[in-house]
Amino acid sequence: MGDSKFWLRRWTIFPATRMEAKLFIVFVLLIVIPVGGLTYISSLRYTNTIEKNTVTYAAEISDKMVSKLDDYTKDMKKISIIPSYLGEIQEGLKLSNRYYSQVEAETGGDLDQYYAKNMQMKMQIQRKIESSIYFMNNIKEGASSVYLFDAYGNPYYVMKSGGARAKLSEFYSRWNETAAAANGKPVLISTQEVSGDANRKRYVFTIVRNIIDSTYHSIGMIAVDASIEVIENIVNDLDETTRGTTLILDEAGTVIYDSEQAFLAENLSGDALLQQAEGQNGSYIVDKNGKEQLVIYRKSEESGWLTLILIPKEQVEAEAIQTRNYTGAAAIAIMTLALLISFVLIFALTKPMRELVKLMKQVQAGNLDVAFPVRRRDEVGMLGNAFNRMMARIQLLIENIYRIEQRKNQIELESLQRQINPHFIYNTLESIRMTAVLNDDPEAAEMVQLLGQQLRYSIHAGDEMVTASQEFEHLRMYMRLINDRFGNRYQLELPEGEAASSIQVMKLQFQPIVENSVNHAYEHSRESETMLISIGWRIVGKEQWFTVADDGCGMNEAQLQQVRNALSAAEPQGPSGRGIGLRNVHERLKLRFGPSYGLTIESELGKGTRVTIRMPLNQE
């Protein structure tokens with residue numbers, strides 16, 4: 001409620017006082033805000049939808065890629081278990097173990113001399129093992145090389161087109177420890193940079209495994225190398241589809257594959273790129289080199305490798321931005337056209353109002369002889385008709401006010417003249433009272449004194465407000481004067497308590513009503529009885545009611561209707577002006593408090609009369 005009042009005040013003091021400007025502002029708000037807001041929200045939702053669809057699509061493709069990689073690593077692990085089931089390889093490795101065991105025992109360190117004597121045996125072992133290696137080398141496409149090691153670390157392998165590792169001894173010790181710790185299970189070792197015979201750098205990932213014979217003893221180790229090109233072939237299709245880059249990392253955070261080949265074999269476990277990759281899959285936005293990247297990640301349950309797909313956010317939003325630009329241009333064009341149409345309509349619709357304003361300014365300058373030409377029967381035409389009627393009414397009211405002011409001045413002069421007579425009568429009564437006192441007639445002196453007090457209270461009565469207690473005191477004096485005259489024929493009951501006595505009422509509000517009961521309600525057939533006149537007070541809703549009731553003769557329906565008609569009559573009715581007192585009180589109440597207040601009369605023949613005085617509870 002407070003906000004609405006604030007904006008209402010802001011609108012009323014808005015600097016653009018012309019109606020055209022205010023209407024134009026309204027049209028601007030009604031057109032620009034909805035259209036602009038709708039365009040913005042649509043663009044935002046479209047961008048979010050594209051990003052969501054990109055994430056979904058890339059996630060589906062990455063799932064397929066991870067599945068392919070998992071299948072490939074499974075095949076490599078299957079290759080690594082072949083020696084444990086192939087008797088020819090086991091026999092060759094056992095021969096190699098026995099051969100080199102004898103070498104250590106017999107040579108005493110002179111290996112060259114022993115090799116020269118037993119060269120034929122060594123060549124036989126090598127041919128036996130390498131024939132099986134040739135078979136395993138060609139099982140799986142992409143497997144670079146298969147290396148077999150006996151228990152003493154002597155390698156056996158067959159050279160392929162990609163070449164073999166140089167300096168195998170540098171890798172053996174680490175592989176052997178890893179394989180031994182796995183107790184015959186295959187272990188996936190992430191990408192390593194290796195050099196071939198031509199010192200050409202290559203990147204491979206490896207499966208190592210202990211070779212267990214039928215007696216569950218280790219007789220050697222197998223290492224299966226796979227070129228990183230295998231992953232590259234799988235990832236290329238993904239990168240072409242997403243137009244991004246792909247990173248594959250092992251559980252330690254070492255980069256197995258990088259589309260840009262900028263982080264191959266590096267450890268990125270502490271990099272900010274991986275901080276938000278929690279759980280098996282998801283997506284997030286990360287800042288990389290000052291540009292936002294959409295990162296979609298999947299973790300393989302088979303290998304534990306984490307695949308990250310990095311797509312530049314600007315690339316994802318490129319289509320959305322283009323659509324947003326087209327939509328924004330269309331929205332601006334629509335809003336501009338709508339505002340131009342609004343501008344024309346505003347001036348067309350407000351033209352009659354401007355004419356009416358000109359006429360009002362002429363009225364303000366004092367020219368009342370103006371009229372609005374009504375050409376249409378719309379709201380403006382109705383307003384013009386109302387203006388014309390208002391001007392006719394104003395002219396009539398001016399004439400009436402002129403006549404009323406003349407009559408008012410005349411009444412004020414007559415009122416000043418009439419005030420001279422009550423003062424003269426009051427002074428005369430005081431002289432009569434003093435004469436009665438001097439002649440030892442206290443009863444006559446008291447009656448004259450009461451009459452004088454009544455007269456003093458009545459002077460300047462008008463609409464002056466007094467407390468109910470003052471009005472009640474006036475009634476007591478009036479009843480004493482009446483009872484002195486008629487021999488205690490009447491009894492008066494007033495409200496008890498301070499609540500009723502402190503209420504503000506009009507002077508002479510009750511006395512005319514009580515006097516009406518005294519003059520007309522007493523039943524002369526019961527002269528020996530006393531007639532009760534009681535005044536009550538109560539609150540009804542937002543009104544307060546005074547009741548003046550008597551147990552006199554009452555009235556029949558015809559008499560009651562005649563009295564009720566007299567209340568609303570323009571002039572007193574009945575013989576000798578009967579009913580003037582009730583009508584006077586009724587009209588004064590309506591003039592002071594409003595037309596919904598005043599007197600209501602109820603009466604029943606032989607049971608008395610009740611007059612209710614209705615006043616507002618809040619007299620302000």
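What you see below is based on every heavy atom in this structure, not just the backbone, and it leaves out hydrogens, waters and symmetry mates.
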Rounded distance (nearest 0.5 Å) linking atom [atom1] of [X] with atom [atom2] of [Y]:
X    : Y    : atom1 : atom2 : value
K361 : L359 : NZ    : CG    : 11.5 Å
D70  : D75  : CG    : CG    : 11.0 Å
N154 : L148 : CG    : CG    : 12.0 Å

Minimum heavy-atom separation for [X] and [Y], please, with both atom names.
X    : Y    : value
A182 : V187 : CB-CG2, 3.4 Å
Y85  : Q90  : N-NE2, 3.9 Å
Y172 : A151 : OH-O, 4.1 Å
M76  : V224 : CE-O, 3.4 Å

### Message
Could you check whether any side-chain N or O of R209 sits under 3.5 Å from a backbone N or O of K185, counting only pairs where one atom can act as donor and the other as acceptor?
### Response
no

[X] vs [Y] side-chain heavy atoms within contact, under 4.5 Å:
X    : Y    : answer
F387 : V363 : yes
W305 : T73  : yes
F593 : P616 : yes
L617 : E543 : no

Taking [X] as the fixed residue, which of [options] is the one that meets the side-chain contact (heavy atoms from CB on, under 4.5 Å) rule?
X    : options                : answer
T215 : D213, I219, I212       : D213
S218 : L93, N176, N210, N183  : N210
I207 : V146, L188, D225, I222 : L188

### Message
Tell me whether the count of non-hydrogen atoms from other residues, nucleotides or ligands lying under 6.0 Å of CE in M382 goes above 12.
### Response
no

### Task
Measure the acute angle between the ring planes of Y297 and Y284, then classify it against the limits of 30° and 60° as parallel, tilted or perpendicular.
tilted

### Aromatic plane relationship, F149 with W175 - under 30° parallel, 30 to 60° tilted, over 60° perpendicular
perpendicular

### Residues S96 and Y156: side-chain donor-acceptor under 3.5 angstrom
yes

